[in-house]
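Along the sequence shown, residues carry numbers from 1. Atom set for the values below is all heavy atoms of this structure, side chains included, hydrogens, waters and symmetry mates excluded.
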Amino acid sequence: MTNEEIKKLKARLWQTADQLRAGSGLKSTQYSAPILGLIFLRFADSKYSKYENEINEEYIKFKGTRSEKEIHEIATIKCGFYLPDNARFDKILNLPEEENLALKIKEAMIEIEKYSPDLEGVLPKDEYYTINSSEDKTLLKKLLKNFKDIPDDISIDIFGEIYEYFLGEFALSEGQGGGEFFTPSTVVRYMVEVLAPTEGKILDPACGSGGMFVQTAHYIANHKYKHGENSEINLRAYGVEKTSETVKLAKMNLALNNIRGEIIEANSYYSDPHNSYGAFDYVMANPPFNVDEVELDLVKSQKRFNEYGVPQNKTKSSKKNRDKTEKVPNANYLWINQFATALKPNGRAALVMANSASDSGNSEKDVRIKLIESGIISQMVTLPTNMFNTVTLPATLWFFNKSKPKEDEILFIDARNIFTVVDRSHRKFSDEQIKNLSIISRLYEGKSDEFYELLDEYNKKMDCSKDKQYWQENINWLIERFPDGKYRDIVGLCKVASIEGEDGIKDQNYSLNPGRYVGVLIEDDGLTEEEFKQELKALNDELNQLNTNALELEKRIAIHLSLLVSGDE
């Protein structure tokens with residue numbers, strides 16, 4: 001399938017599913033688990049079908065011999081899981097109308113878990129009893145038919161894309177609760193592009209639904225394929241998530257995307273179930289911002305948090321508050337410490353953090369100074385506003401590199417004015433914006449060949465595209481800023497700043513705010529050019545109406561004054 005066909009398929013599936021949700025009377029929070037479970041069931045059936053003949057042939061071949069194995073053992077080796085007959089999608093879809101469909105789906109999920117220990121207790125079951133409404137008792141059947149529209153011949157990656165797409169749509173419709181499990185994929189893809197992972201162990205201590213792992217695996221697989229290498233990837237994902245329902249989403253997501261990993265339900269402030277200190281090749285996360293309820297005594301002795309210092313209140317508690325449990329003033333730097341200390345000697349990390357952490361003072365500043373002077377921080381990127389479904393706070397991306405060549409400098413990028421509008425309240429990065437921004441990092445690393453590869457890619461697409469202007473604009477964007485195919489500071493976009501020296505990081509009071517270094521800080525009113533025009537027109541219409549009202553009022557006042565003077569009133 002082409003990208004456009006996949007896009008239309010995802011949109012059609014969502015539209016139909018959401019219309020059925022409206023018919024069921026369920027909220028998005030109640031509807032998401034059974035829907036995602038059906039996508040998983042459809043995926044499992046599609047994947048199993050590709051291995052079914054091979055599985056059956058081996059079972060028959062060795063049946064009755066000393067090498068005989070149970071069919072579920074053979075299936076697990078070849079396919080990754082066993083799909084019993086009663087869990088086949090078509091069999092469930094074609095059950096007679098008098099059958100209890102919700103019960104049959106529940107039984108199918110139980111059977112899948114029976115032979116897949118990693119999925120034990122993960123798949124939705126009783127939720128299917130709530131789908132049908134008194135007005136329409138066929139909604140569940142309609143949902144099954146809806147997901148049957150996913151073609152059998154599409155790749156595992158596309159099933160993962162559909163799952164991720166539905167996660168994003170549910171997060172968008174669920175509001176604040178949805179933000180707990182989903183980071184917009186274009187933000188994650190940009191983080192991964194900058195990080196440029198190869199293979200190894202990756203940690204996400206606030207993993208939500210596992211999107212960081214999925215995008216990392218896709219990046220590695222795509223680059224191996226691009227260079228003609230074996231598409232098998234050696235990536236092991238380790239996640240921590242405090243919400244049990246979100247842990248289930250993440251485990252299903254890993255299974256859908258064929259990623260080996262371990263997701264543990266725990267609170268990352270107080271528990272380190274993967275023994276993270278110095279253990280990981282990559283760390284990625286979008287942790288909660290500005291948490292102020294973390295107990296100091298439970299974190300200050302942990303090695304992963306205190307290498308650069310634990311943020312603490314510098315003034316002593318008053319008698320009134322002395323008996324209260326002392327809290328960390330802000331947990332942002334606990335997360336930042338976790339990332340820095342979890343890396344192996346050649347490890348790299350990327351995290352989303354509130355802008356305020358870049359300039360925060362007091363004990364947080366002390367921690368930041370140690371981090372800067374250690375040379376671990378490689379890059380800081382300010383994101384556009386409205387990139388997240390539920391968080392309106394401005395955000396910055398922090399990048400760490402334990403083995404960066406130039407320890408005394410940091411690359412700053414201001415990406416606030418680079419985005420694509422989704423709607424008035426939401427923005428994203430386009431594929432080309434992700435590539436254009438990430439190429440700045442490659443040029444800074446001296447990889448000019450990747451810059452010219454990207455130009456060549458755009459030229460080829462322009463040659464076979466109807467929208468030649470779009471591709472020419474992207475080519476111009478790159479050439480105008482980096483005409484020699486080498487990194488250079490661009491006012492308003494990027495700047496390499498040293499720790500020492502005039503206008504260096506030390507001179508800027510150890511701030512990590514890109515705006516301090518990049519320059520020409522453009523005020524962002526949150527509007528696109530088209531939105532600005534519409535806003536201006538609305539204001540002009542309102543002004544004209546006010547002027548009309550004022551003239552009418554002026555006439556009425558003049559009439560009454562005239563009457564008063566003449567004595568007729």
Side-chain angles (χ1 to χ4, degrees), residues 7 11-12 14-16 18-29 31 135 168-179 182 184 186-187 289-290 354-356 359 382-396 414-430 433 467 469-470 473 476-477 491-493 513-516 518-569:
K7 182 180 177 180
R12 188 177 74 250
W14 169 258
Q15 183 179 23
T16 306
D18 197 44
Q19 287 172 349
L20 293 172
R21 179 197 63 77
S24 72
L26 296 175
K27 297 178 181 178
S28 293
T29 49
Y31 203 64
E135 291 81 13
E169 292 298 316
F170 279 125
L172 195 62
S173 59
E174 288 177 23
Q176 188 63 38
F182 187 77
T186 65
V187 174
F289 297 168
N290 302 325
N355 274 5
S356 57
D359 285 308
T382 304
L383 290 173
T385 57
N386 297 342
M387 293 291 281
F388 297 86
N389 294 330
T390 58
V391 179
T392 56
L393 287 174
T396 299
D414 189 340
R416 283 177 295 176
N417 295 304
I418 300 172
F419 57 83
T420 298
V421 174
V422 178
D423 55 43
R424 177 65 189 272
S425 303
H426 299 95
R427 296 167 172 176
K428 68 175 184 178
F429 289 131
S430 69
Q433 286 165 341
D467 190 0
Q469 182 180 350
Y470 174 79
E473 287 172 354
N476 293 345
W477 194 94
V491 176
L493 178 62
N513 186 336
R516 289 220 188 184
V518 172
V520 190
L521 181 61
I522 300 172
E523 293 291 338
D524 182 8
D525 59 9
L527 300 176
T528 65
E529 182 179 353
E530 186 59 34
E531 289 169 340
F532 176 75
K533 289 177 181 178
Q534 292 174 0
E535 188 84 5
L536 194 61
K537 183 180 183 301
L539 289 171
N540 185 61
D541 291 344
E542 183 180 356
L543 178 61
N544 288 336
Q545 185 60 52
L546 289 171
N547 287 334
T548 301
N549 293 344
L551 287 171
E552 182 63 29
L553 185 59
E554 186 179 346
K555 290 177 183 177
R556 290 170 60 189
I557 291 171
I559 291 170
H560 285 293
L561 281 174
S562 177
L563 291 172
L564 282 172
V565 171
S566 66
D568 291 339
E569 182 173 271

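Asp414 and Thr382 share no donor-acceptor pair across their side chains, judged by distance under 3.5 Å alone. Using modelled atom types, one finds a donor on one side chain and an acceptor on the other under 3.5 Å when comparing Arg427 with Thr385.
Once rounded to the nearest 0.5 Å, the distance linking CG of Asp359 with CZ of Arg516 reads 5.0 Å. Note that the CG atom of Asn547 and the CD atom of Glu554 stand 11.0 Å from one another [nearest 0.5 Å].
For the pair Gln433 (side chain) and Ser430 (backbone), a donor-acceptor distance under 3.5 Å is present. Remark: side-chain polar atoms of Arg21 are not paired, donor with acceptor, to backbone N or O of Lys27 under 3.5 angstrom.
In this structure, the side chains of Asn355 and Asn513 stay at 4.5 Å or more apart for every pair of heavy atoms. For the pair Ile418/Leu493, a side-chain contact is recorded, criterion being any heavy-atom separation below 4.5 Å from C-beta on. Residues Tyr31 and Leu20 are in side-chain contact: their nearest non-hydrogen atoms beyond the backbone lie under 4.5 Å apart.
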Point to revise | Stepwise side-chain contact (heavy atoms from CB on, under 4.5 Å) check, Thr396 with Leu383 | key: CA-CA 6 Å; Thr396 299; Leu383 290 173; over 6 Å; no

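Of all heavy-atom pairs spanning Pro384 and Ala415, the tightest one is CG-O, 3.1 Å.
Applying the side-chain contact (heavy atoms from CB on, under 4.5 Å) rule to Thr186 yields the partners Arg189, Met387, Lys428, Phe429, Ile434; only residues at least two apart in sequence or on another chain are considered. For Asn290, the side-chain contact (heavy atoms from CB on, under 4.5 Å) partners two or more places apart in sequence, or in a different chain, are Asn330, Asn332, Ala354, Ser356, Leu393. Residues passing the side-chain contact (heavy atoms from CB on, under 4.5 Å) test with Asn540 are Asn544, sequence neighbours excluded.
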